[in-house]
Amino acid sequence: MSEKEGTPKKKAAMHVGVQGMGTSKHELQFLVRHGVTHMNCGVDGYDAETLLRHRQEAAAEGVSFEATHVGLAESITLAADPQRDRDLDALCQIIENAGKAGIRALFYNFCILDHQRTESTPGRGGSMYSTFDMSKYDNETLSKAGRVSREEAFERASYFLERVIPVAEENKVQMACHLNDPPAPILRGVERWNYPVFEGLKRFSELVDSPYHGFNFCCGVASEGLEDPGTELYDIVRYFGERKKIFNVHFRNIKGGLHHFQEVWPDEGDVDMYKLAKVFRDVQYPYMLMPDHAPDHPDDVPPAGGSGRVRQAWAFQFGYIIALVQAANSEV
């Protein structure tokens, strides 16, 4: 791949979003106050009636409930039969419920080994940065998954996608897979399917052919698997954006790269986030750009009536994203 710089033909409909927050009045007004009118909603049930209730509560405050996250049972990622098929049936029912409730997308993680980090490190203003340092990581102890090759990981993913994507198509619900965090050749005996980053994502995207199969694309996670994210990330985003395989974006930055990184404030990382916003504009990305894994701070305590997840960081990042979207679109 080689980076392309083209003249944009029109503005993109991309917009700021949020994940994980619920539909209490307190949370929704916090969002609207900061210019956020689209959300990946935290829900208290996956039946159609509950999803519709959350959607109506959000709409009453001027927020569009675009998507929600659904966890995958271990039986699915660990290929534990016959429970795997029963859990896939349950997931297919959730997809049907989401379609009935008018939810655009379901976000999920296909992780044989879950999120991995080492000890957090200090950042600016007393904040703490989520960190991964391979030199301090126990990469000898196997996880409960044991040893899993990349080929086996893709076989399990294929089994999953061949079951759920036809249901997603029938119900017009996008299925957006998050990248395994962090990408690496092998962690605790598991070969990551999304390493090397471009090759892994390309192969995953081609396991089934459907406009409802794509990514919850985390710019931070993709960067974590690159030697030089400040030069490599843009063309990866362009490739999948042009093919309409990006259904949501975690718009965050890191310092470092493969095997050693910190998740930092968006304005101080190695990726030029303005340049990245222009790539999303050029491919006409139409959905949410949202904070993710924001730096934490001791003052971020949950207030009454809300989830209170890293509110200081999110308030900053909402404004940052809105400004970059406006700047990128102003060039057209």
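Predicted model, so just to flag it, every value in this text is computed and none were measured.
Here CE of M39 is found 10.0 Å from OG of S64. Values are rounded to the nearest 0.5 Å. Distance check, rounded to the nearest 0.5 Å: SG of C41 to CZ of F65 gives 4.5 Å. To the nearest 0.5 Å, atom CG of residue L106 and atom CG of residue L91 are 7.5 Å apart. Atom CG in L51 sits 8.5 Å away from atom CD1 in I94 (nearest 0.5 Å).
L258 forms part of a hydrophobic cluster together with Y195, judged by ILVMFWY side-chain heavy-atom separations under 4.5 Å.
Here the closest non-hydrogen pair linking H34 and A315 is NE2-CB, 3.6 Å. Smallest separation of non-hydrogen atoms from C92 and R163: SG-O, 3.9 Å. For the pair M288 and Y285, the tightest heavy-atom approach, listed with the atom from each and the gap, is O-OH, 2.6 Å. Taking every heavy atom of both residues into account, P166 and L161 meet most closely at CD-O, 3.8 Å. Across all their heavy atoms, W193 and H178 have their closest contact at CZ2-O, 4.1 Å. Closest non-hydrogen pair, M273 versus Y320, comes out as CB-OH, 3.7 Å.
The 12-atom threshold is exceeded at CD of E199, counting heavy atoms of other residues, nucleotides or ligands nearer than 6.0 Å. Crowding of K11 atom NZ: a count of heavy atoms from other residues, nucleotides or ligands under 6.0 Å exceeding 12.
Side-chain contact check for Q19 and H250: at least one donor-acceptor pair (N or O, by modelled atom type) lies under 3.5 Å. S210 and E169 share a side-chain donor-acceptor pair at under 3.5 Å. Side chains of D47 and N97: a donor-acceptor N/O pair is absent below 3.5 angstrom, by distance only. Looking at Q83 and D87, their side chains do bring a donor and an acceptor atom within 3.5 Å of each other. Between E27 and S24, the side chains place a donor N or O and an acceptor N or O closer than 3.5 Å (distance only, hydrogens not considered). A side-chain donor-acceptor contact under 3.5 Å links T121 and T131.
Contacts of S127 classified as side-chain hydrogen bond (donor to acceptor under 3.5 Å, both in side chains), with partners at least two apart in sequence or in another chain: W265. Considering only residues two or more places apart in sequence or on other chains, Y159 meets the ring pair (Phe, Tyr, Trp, His ring centres under 6.0 Å) condition with none of them. Applying the side-chain hydrogen bond (donor to acceptor under 3.5 Å, both in side chains) rule to N329 yields no partners; only residues at least two apart in sequence or on another chain are considered. Here R203 pairs with E151 under the salt bridge (charged side-chain N to carboxylate O under 4.0 Å, His left out) rule; sequence neighbours left out. Annotation: ring pair (Phe, Tyr, Trp, His ring centres under 6.0 Å) contacts of F215 (sequence neighbours excluded): F204, F240. Under the salt bridge (charged side-chain N to carboxylate O under 4.0 Å, His left out) criterion, E170 pairs with no residue at all, not counting sequence neighbours. Residues that satisfy the side-chain hydrogen bond (donor to acceptor under 3.5 Å, both in side chains) test with S130, not counting sequence neighbours, are R117, E263. In this structure Y274 satisfies the ring pair (Phe, Tyr, Trp, His ring centres under 6.0 Å) test with no other residue, sequence neighbours excluded. Taking the side-chain hydrogen bond (donor to acceptor under 3.5 Å, both in side chains) definition, one finds that D44 meets it with R53, H54, sequence neighbours left out.
Within the cation-pi definition used here (under 6.0 Å to the ring centroid, within 45° of the axis), K172 does not qualify as a partner of Y212. Geometrically, R243 engages Y239 in a cation-pi contact defined by less than 6.0 Å to the ring centre and at most 45° from the axis.
A salt bridge is absent between K255 and D270; no separation between the charged side-chain nitrogens and carboxylate oxygens falls under 4.0 Å. By the 4.0 Å N-to-carboxylate-O rule, K100 lies too far from E96 to be salt-bridged with it. Using a 4.0 Å cut-off between charged side-chain N and carboxylate O, R84 and D81 make a salt bridge.
Side-chain contact check for M21 versus W314: some heavy-atom pair is nearer than 4.5 Å. Residues E224 and P183 meet the side-chain proximity criterion, which asks for heavy atoms closer than 4.5 Å. Looking at heavy atoms from C-beta onward, F318 lies in side-chain contact with F30 at the 4.5 angstrom threshold.
Counting only residues at least two apart or in different chains, side chain to side chain donor-acceptor pair (under 3.5 Å) contacts with residues 102-115 comprise E66-R104, H69-N109, R104-Q174, D114-Q116, H115-D181. Applying the salt bridge (Lys or Arg N to Asp or Glu O under 4.0 Å) test to every pair with at least one member in residues 131-149, sequence neighbours left out, gives these pairs: E74-K144.
Cluster annotation: L52 is not connected to V63 through the hydrophobic network of ILVMFWY side chains, with a link wherever side-chain heavy atoms come within less than 4.5 Å. Both L207 and F110 are members of a single hydrophobic cluster when ILVMFWY side chains are connected at heavy-atom separations under 4.5 Å.
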For side chain to side chain contact (heavy atoms under 4.5 Å, CB included), just list the numbers for Y287 and I246, CA-CA rounded to whole Å, side-chain angles, deciding distance to a tenth of an Å, and then say yes or no.
CA-CA 9 Å; Y287 305 123; I246 300 178; over 6 Å; no
Dump the intermediate steps for side chain to side chain contact (heavy atoms under 4.5 Å, CB included) on H260 and M134, then the final yes or no.
CA-CA 6 Å; H260 192 180; M134 182 64 88; over 6 Å; no
